[in-house]
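Contents: one structure, followed by commentary.
The figures that follow rest on heavy atoms only: side chains count, while hydrogens, waters and symmetry mates do not. Everything quoted here is computed from the prediction, not taken from an experiment.
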Amino acid sequence: MTRSKARLAAAAIVAVPLLGYPALVLAGGGAKFPSPDDCVHVAKPGESGDLDLVFGRRDTPAEANRLLEQVRGVGYVDAQVQADGCLRWKVVYTGIESYEQGASSRAEARGAGLDAELEIERPG
């Protein structure tokens, strides 16, 4: 193989993925970013699985930590801040064993002025 053919082959190896991947993404409608519906899955009565009591979502860790202080002040001392997979931060209590327990905790939290929701982790 001549030197110019080797350079052409090397350029093709680099150029094809750099141009091909964006073309494939754009052909499929562009990049897909998660929507709030992709991140929030409110548990339905009687559902079982990985249940969490979520007290809210915030755009920054600092905002989430301020909410966490409020949540812990009401008595949810084991609550924590977690990334929600949609570029936001949620304040969550993960010790929910059943829907009934979660619904009771949600009602208690709402009675204390917190905007709590019982959510379930979707498989996948």
Side-chain angles (χ1 to χ4, degrees):
M1 180 181 286
T2 66
R3 182 172 243 183
S4 62
K5 285 185 180 180
R7 285 185 183 161
L8 182 60
I13 289 171
V14 171
V16 168
L18 287 176
L19 298 174
Y21 178 75
L24 287 172
V25 169
L26 291 174
K32 304 282 189 269
F33 294 98
S35 72
D37 291 336
D38 295 326
C39 294
V40 178
H41 302 106
V42 176
K44 294 176 180 65
E47 265 189 306
S48 62
D50 191 4
L51 297 166
D52 295 329
L53 188 60
V54 178
F55 298 97
R57 287 176 167 73
R58 300 297 185 263
D59 291 330
T60 67
E63 291 171 347
N65 280 316
R66 282 193 290 278
L67 176 58
L68 178 63
E69 288 177 27
Q70 180 185 0
V71 168
R72 286 184 172 168
V74 170
Y76 291 92
V77 295
D78 292 329
Q80 56 191 329
V81 172
Q82 295 179 350
D84 77 350
C86 290
L87 304 176
R88 298 193 76 203
W89 301 90
K90 64 182 177 180
V91 177
V92 61
Y93 173 72
T94 60
I96 304 297
E97 301 287 328
S98 68
Y99 182 87
E100 292 74 22
Q101 176 201 5
S104 174
S105 294
R106 177 184 59 203
E108 184 178 297
R110 288 178 176 177
L114 299 173
D115 185 25
E117 189 59 76
L118 185 59
E119 296 184 10
I120 188 164
E121 184 76 24
R122 292 290 177 215

- Over all atoms of both residues, closest heavy-atom pair of Ser48 and Ile120: O-CD1, 3.4 Å
- Query: Would you say the side chain of Leu51 lies within less than 4.5 Å of the side chain of Gln101, judging by non-hydrogen atoms?
  - Reply: no
- Query: OG1/Thr94 to CG/Asp50 distance, rounded to the nearest 0.5 angstrom?
  - Reply: 8.0 Å
- Item | Spacing of CG belonging to Leu67 relative to CH2 belonging to Trp89, to within rounding of 0.5 Å | 14.0 Å
- Message: Would a single hydrophobic cluster contain both Leu114 and Leu118, if residues Ile, Leu, Val, Met, Phe, Trp and Tyr are joined by side-chain heavy-atom contacts under 4.5 Å?
- Response: yes
- Task: May I have all residue pairs that pass ring pair (Phe, Tyr, Trp, His ring centres under 6.0 Å) and include part of residues 91-116, sequence neighbours excluded?
- Result: none
- Task: Drop me the distance from Glu117's CD to Arg106's CZ, to the nearest 0.5 angstrom.
- Result: 5.5 Å
- Note on the structure: For Ala112 and Val74, the nearest pair of non-hydrogen atoms, with its separation, is CB-CG1, 3.4 Å
- Query: Do any pairs count as a salt bridge (charged side-chain N to carboxylate O under 4.0 Å, His left out) and have a residue in residues 52-73, sequence neighbours left out, and if so which ones?
  - Reply: Arg57-Asp84, Arg57-Glu119, Asp59-Arg88
- Message: With a 4.5 Å cut-off on side-chain heavy-atom distances among I, L, V, M, F, W and Y, is there a chain of contacts connecting Val91 to Val40?
- Response: no
- Task: State plainly whether one hydrophobic cluster holds both Val71 and Leu53, where clusters connect Ile, Leu, Val, Met, Phe, Trp and Tyr through side-chain heavy atoms under 4.5 angstrom apart.
- Result: yes
